[in-house]
Student: 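Got a structure here, written out as structure tokens. Questions coming.
Side chains are part of it too, since the values below use all heavy atoms of this structure and drop only hydrogens, waters and symmetry mates.
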Amino acid sequence: MLDIKLIRENPDAVRDRLRQRGEGYDLAPILSLEEQRRTLEIQRTELQTRSNEIGKVIGQSIKAGADPQGDEVAALRHEGNDLKQQLSALEPAEKDLKEQLTALLLGLPNLPSETTPIGANETENVEIDRWGDDYKITHDVLPHGDIAEKLGILVTDRAVKIAQSRFIALIGAGAALERALIQFMLDRQIAAGYLEVLPPILVNSASLQATGQLPKFAEESFKCAEDDLWLAPTAEVPVTNLYRDEILDGEALPIYHCAYTPCFRREAGSYGKDTRGLIRLHQFNKVELVKIVRPETSEAEHQALLKDAQAILEALQLPYRTIELCTGDLGFGAQKCYDLEVWLPAAGTYREISSCSNFGDFQARRAGIRFREKGKKGTQFAHTLNGSGLAIGRTMAAILENYQLADGTIRVPEVLQPYLKREVL
RNA sequence: GGAGAGAUGGCUGAGUGGUUGAAAGCGGCAGAUUGCUAAUCUGUUGUACGUAAUUAUUCGUACCGAGGGUUCGAAUCCCUCUCUCUCCGCCA
């Protein structure tokens with residue numbers, strides 16, 4: 001959520017920054033609602049001040065021996081009743097304005113960082129690094145879905161029977177490989193300084209609103225019919241919400257967490273896209289990195305987070321490139337974002353396998369994550385960041401293709417061999 | 001699912017209509033003091049919004065789970081909801 005004060009005091013600057021994302025962000029209704037709200041608030045406060053006085057005076061005079069039924073008290077009572085009536089008209093109006101205002105503010109995306117490249121859409125994203133060209137294989141390989149089915153480590157037909165399309169089941173070595181990847185990534189990130197969390201995967205609406213998935217993107221998540229609970233689309237939601245509505249001790253920052261969770265996405269509007277294989281599923285596994293940091297460090301923390309995600313791809317010797325998203329392709333809550341894209345030789349393309357975002361104080365405002373600096377008065381909003389480190393399913397896809405041998409077997413990446421206890425699938 | 005209990009400030013825990021933003025204790029902060037790795041004493045102690053002033057603050061309002069209601073006035077009375085805990089049942 002953007003700071004209403006910032007919007008009020010610098011509407012033009014905010015408007016310009018939002019326009020970098022695209023057209024269609026109108027501040028006029030927000031400014032007008034805020035103006036009305038403030039006017040009402042001032043009026044209401046004045047009435048309440050007088051009302052409080054009356055209450056106090058009546059209490060004091062009765063204590064001092066005045067006749068509770070006497071004229072003096074009756075007059076005050078009458079004035080009090082009068083004020084109450086005026087207030088009863090103002091209060092709902094102000095509340096209504098506040099709700100409208102909040103609804104509009106919740107729908108506004110974050111401002112892009114000054115350093116985010118300006119562009120209209122994903123075609124203007126900037127490739128800032130490419131790694132591992134030497135590891136690219138030269139012989140033809142089967143798409144990962146095909147080879148996995150052929151090896152009997154992945155089933156789709158039977159999984160569809162259990163749930164629906166875009167669900168898969170891993171069998172035997174497939175399941176073991178998935179598990180090994182989870183364990184490997186967690187081990188690496190824990191060693192890099194992240195504290196592991198195994199959070200709830202069902203999350204309530206407040207949590208989704210805090211991280212930005214609600215109210216705008218309700219159709220992206222699965223909702224439980226009988227409860228105010230949703231299947232988390234990413235561990236970002238539960239892990240960031242660990243600290244919702246808290247004032248942290250400044251000494252506690254920075255906080256680094258890693259978490260393995262299944263993730264659930266409805267993939268509405270992507271019918272027909274990526275229908276084969278492991279790329280786009282309703283349920284997939286992911287190891288997520290989450291940071292909660294001081295504002296002045298978030299830029300550096302973002303770079304470090306990116307490196308921690310990249311380190312996994314490099315340890316697995318998977319060719320990838322690093323993309324910086326332009327303003328037009330930036331996610332709703334992000335002020336700056338890097339995507340890591342892994343090389344998939346069968347299709348001859350790079351596919352997103354990690355997304356590392358700095359949210360600034362956008363999520364912290366929604367979530368009420370603040371901290372108090374020792375010796376300083378007041379509180380300030382923390383900055384939140386997160387990134388995949390990495391998406392497991394897509395990593396498995398990349399391994400099945402990049403490590404596919406000419407004879408159709410799969411070599412196990414060296415760093416995974418201790419986990420899988422075998423060298424070939 | 002059945003029965004019961006509860007929700008107060010960083011924590012513990014008082015408070016059943018009138019200067020209660022809220023006793024007390026603990027913790028935190030500041031100061032004083034003591035021949036000693038700590039004790040004692042004193043003071044202070046939340047958040048948000050608005051308002052002046054401006055980087056020290058002033059004044060006002062709201063906040064005792066949430067939302068309504070009664071009243072001149074509610075932490076305190078009434079209603080609804082949410083959550084937590086205990087016991088029973090069920091269950092990994």
Side-chain angles (χ1 to χ4, degrees), chain A residues 1-9 30-31 33-106 198 200-210 224 226-230 238 241-253 262 295-296 361 364-382:
Chain A
M1 194 153 62
L2 298 183
D3 184 1
I4 183 64
K5 251 186 245 170
L6 180 74
I7 298 176
R8 207 167 64 202
E9 286 161 15
I30 290 175
L31 291 166
L33 284 172
E34 167 67 357
E35 193 50 43
Q36 295 173 55
R37 187 196 64 76
R38 281 216 291 169
T39 309
L40 280 194
E41 180 176 346
I42 290 167
Q43 285 177 32
R44 193 209 72 222
T45 302
E46 280 171 3
L47 294 178
Q48 275 173 337
T49 306
R50 179 58 189 152
S51 172
N52 287 346
E53 271 170 24
I54 291 170
K56 214 176 267 183
V57 170
I58 290 179
Q60 279 168 345
S61 9
I62 291 176
K63 228 179 191 174
D67 177 6
Q69 308 304 328
D71 290 348
E72 200 186 317
V73 172
L76 285 170
R77 248 188 214 149
H78 186 76
E79 192 189 345
N81 263 323
D82 217 52
L83 288 170
K84 192 157 60 167
Q85 214 160 35
Q86 294 181 53
L87 278 168
S88 70
L90 282 186
E91 277 170 347
E94 188 189 349
K95 203 181 147 195
D96 184 50
L97 285 173
K98 234 185 222 163
E99 275 169 14
Q100 288 183 49
L101 186 61
T102 306
L104 289 180
L105 284 175
L106 285 174
L198 194 58
I201 303 167
L202 293 189
V203 298
N204 57 33
S205 298
S207 297
L208 283 166
Q209 178 172 303
C224 299
E226 302 300 331
D227 303 280
D228 177 31
L229 289 170
W230 306 66
N241 274 280
L242 279 174
Y243 303 100
R244 173 152 50 88
D245 293 324
E246 288 196 27
I247 300 172
L248 300 165
D249 187 343
E251 315 260 304
L253 301 181
E296 65 272 16
D361 65 7
R365 279 181 191 282
R366 292 173 161 244
I369 301 174
R370 293 172 289 171
F371 69 98
R372 203 193 320 263
E373 204 66 83
K374 206 175 177 178
K376 270 197 195 165
K377 266 214 129 173
T379 62
Q380 42 184 325
F381 287 107

Student: Any donor and acceptor pair, going by atom type alone, linking the side chain of A:D3 with main-chain N or O of A:K5 inside 3.5 Å?
Tutor: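 Side chain of A:D3 to backbone of A:K5: a pair is present.
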
Student: B:A48, B:G67, B:C49: which one has an atom nearest the side-chain heavy atoms of A:E41?
Tutor: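 Closest nucleotide among those given: B:C49.
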
Student: Of the options B:G50, B:U61, B:C72, whose atoms approach the side-chain atoms of A:T49 most closely?
Tutor: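 Closest nucleotide among those given: B:U61.
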
Student: In sequence, state the C-alpha distance, the side-chain angles, and the governing distance for A:Q100 and A:D96, and then conclude on side chain to side chain donor-acceptor pair (under 3.5 Å).
Tutor: CA-CA 6 Å; A:Q100 288 183 49; A:D96 184 50; 3.0 Å; yes

Student: Do the side chains of A:E41 and A:R38 get close enough for a salt bridge, i.e. N-O under 4.0 angstrom?
Tutor: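 Salt bridge between A:E41 and A:R38, a charged N being under 4.0 Å from a carboxylate O: no.
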
Student: Using the side-chain heavy atoms of A:R370, tell me which of these nucleotides is nearest: B:A48, B:U61, B:C49.
Tutor: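 My answer, after comparing the listed nucleotides, is B:A48.
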
Student: Starting at the 5' end of RNA chain B and moving along, which residue's nearest nucleotide shows up first, A:G55 or A:R44?
Tutor: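 Final value for this comparison: A:G55.
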
Student: Counting side-chain heavy atoms from C-beta on, which of B:U47, B:A62, B:C72 comes nearest to A:Q48?
Tutor: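 Nearest to the side-chain atoms of A:Q48, counting from C-beta on, is B:A62.
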
Student: Round to the nearest Å and state the distance from A:I58 atom CD1 to B:G17 atom C1'.
Tutor: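 Whole-Å distance recorded here is 13 Å.
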
Student: Between B:C85 and B:G31, how far is it from one C1' atom to the other, in whole Å?
Tutor: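 These two C1' atoms come out 43 Å apart once rounded.
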
Student: If the C1' atom of B:G65 is compared with that of B:A5, how far apart are they to the nearest Å?
Tutor: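 To the nearest whole Å, 15 Å.
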
Student: Can you tell me the distance, in whole Å, between the CZ atom of A:R366 and the C1' atom of B:A48?
Tutor: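 The distance from CZ of A:R366 to C1' of B:A48 comes to 19 Å, rounded to the nearest Å.
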
Student: Keeping A:S51 on the side-chain end and A:L47 on the backbone end, is there a donor-acceptor pair under 3.5 Å?
Tutor: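 Pair absent, no side-chain N/O of A:S51 close to backbone of A:L47.
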
Student: Under 4.0 Å between a side-chain nitrogen and a carboxylate oxygen: does that hold for A:R50 and A:E79?
Tutor: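 Judged by the 4.0 Å cut-off on N to carboxylate O distance, A:R50 and A:E79 do form a salt bridge.
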
Student: Please state how far atom CG in A:L101 lies from atom C1' in B:A48, giving the value in whole angstrom units.
Tutor: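 So the two atoms are 15 Å apart, to the nearest Å.
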
Student: Please report the distance separating the C1' of B:G21 from the corresponding atom of B:A32, rounded so that it comes out in whole Å.
Tutor: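 To the nearest whole Å, 29 Å.
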
Student: Is A:R8 touching bases, backbone alone, or none of the nucleic acid, heavy atoms closer than 4.0 Å?
Tutor: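 Sugar-phosphate only.
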
Student: Under 4.0 Å between any heavy atoms, over every strand shown, what does A:K98 touch: base, sugar-phosphate, or nothing? Just pick one.
Tutor: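 Here A:K98 touches no strand at all.
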
Student: Taking atom P in both B:C87 and B:A30, what distance in whole Å separates the two?
Tutor: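 45 Å, rounded to whole Å.
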
Student: If the C1' atom of B:U33 is compared with that of B:U42, how far apart are they to the nearest Å?
Tutor: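 That atom pair is separated by 11 Å.
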
Student: Atom CZ of A:R372 to atom C1' of B:C29: distance rounded to whole Å?
Tutor: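 Atom-to-atom, A:R372 to B:C29, this comes out as 12 Å.
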
Student: Look only at the side chain of A:R366 and the backbone of A:L106, and say whether a donor-acceptor pair between them is shorter than 3.5 Å.
Tutor: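 Between the backbone of A:L106 and the side chain of A:R366 there is a qualifying donor-acceptor contact (under 3.5 Å).
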
Student: Touch check for A:E46, heavy atoms < 4.0 angstrom, all strands: base, sugar-phosphate only, or nothing?
Tutor: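 If one applies the 4.0 Å heavy-atom cut-off, A:E46 turns out to touch nothing in the nucleic acid.
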
Student: Among the candidates B:G50, B:C72, B:U61, find the nucleotide nearest to the side-chain atoms of A:I54.
Tutor: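 Out of B:G50, B:C72, B:U61, the nucleotide with an atom closest to A:I54's side chain is B:C72.
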
Student: Can you identify which nucleotide, out of B:C72, B:U19, B:G50, has its nearest atom closest to the A:R77 side chain?
Tutor: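 Of the candidates, B:C72 comes closest.
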
Student: Using atom P of each nucleotide, how far apart are B:U57 and B:C41 to the nearest Å?
Tutor: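 Taking atom P in both B:U57 and B:C41, they lie 29 Å apart.
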
Student: Is there a Watson-Crick or G-U wobble partner for B:U61 with both distances under 3.5 Å, and which nucleotide is it?
Tutor: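 Across any shown strand, B:U61 pairs with B:A48.
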
Student: Could you tell me whether the side chain of A:R37 and the main chain of A:L97 form a donor-acceptor pair under 3.5 Å?
Tutor: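 Between the backbone of A:L97 and the side chain of A:R37 there is no qualifying donor-acceptor contact (under 3.5 Å).
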
Student: Could you please name the option among B:A48, B:U51, B:U19 that lies closest to any side-chain atom of A:R38?
Tutor: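 So the nucleotide nearest the side chain must be B:U51.
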
Student: From C-beta outward on A:N52, which listed nucleotide comes closest to its side chain: B:C72, B:A62, B:U47?
Tutor: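 Nucleotide nearest to A:N52's side chain: B:A62.
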
Student: Which is more 5' along RNA chain B, the nucleotide nearest A:I247 or the one nearest A:S51? Just name the residue.
Tutor: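 Going by which nucleotide is closer to the 5' end, it is A:I247.
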
Student: Reckon A:I62 touches a base, only the sugar-phosphate, or nothing at all at heavy-atom distances under 4.0 Å?
Tutor: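 The answer is base, as A:I62 lies within the cut-off (heavy atoms under 4.0 Å) of a base atom.
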
Student: Using whole Å, what does the distance between atom C1' of nucleotide B:U47 and atom CZ of A:F381 come to?
Tutor: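 In whole Å, B:U47 C1' lies 11 Å from A:F381 CZ.
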
Student: Just name whichever nucleotide pairs with B:C41, Watson-Crick or G-U, keeping both distances under 3.5 Å, else none.
Tutor: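 The base-pairing partner of B:C41, which may sit in any strand shown, is B:G31.
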
Student: With both distances kept under 3.5 Å, what pairs with B:G6, Watson-Crick or G-U wobble?
Tutor: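 Base-paired to B:C83.
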
Student: Can you check the distance between B:G27 and B:C11, where both ends of the measurement are the C1' atom (answer in whole Å)?
Tutor: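 One C1' to the other, the span is 7 Å.
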
Student: Considering only atom C1', compute the distance from B:C72 to B:U54 and round it to an integer number of Å.
Tutor: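 It works out to 38 Å between them.
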
Student: Tell me which nucleotide, if any, is Watson-Crick or G-U wobble paired with B:G1 when both distances must be under 3.5 Å.
Tutor: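 B:G1 is paired with B:C88.
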
Student: How many whole angstroms separate atom CG of A:N204 from atom P of B:A66?
Tutor: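 Between P of B:A66 and CG of A:N204: 17 Å.
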
Student: Tell me the interatomic distance from A:L229, atom CG, to B:U82, atom C1', rounded to whole angstroms.
Tutor: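 Nearest whole value for this atom pair: 13 Å.
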
Student: Apply side chain to side chain donor-acceptor pair (under 3.5 Å) to residues A:S207 and A:N204 and explain how you reach the verdict.
Tutor: CA-CA 5 Å; A:S207 297; A:N204 57 33; 2.9 Å; yes

Student: Are any of A:K84's side-chain N or O atoms less than 4.0 Å away from OP1 or OP2 of B:C72?
Tutor: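 Affirmative; the distance criterion is met.
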
Student: Atom NZ of A:K63 to atom P of B:G73: distance rounded to whole Å?
Tutor: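 So the two atoms are 18 Å apart, to the nearest Å.
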
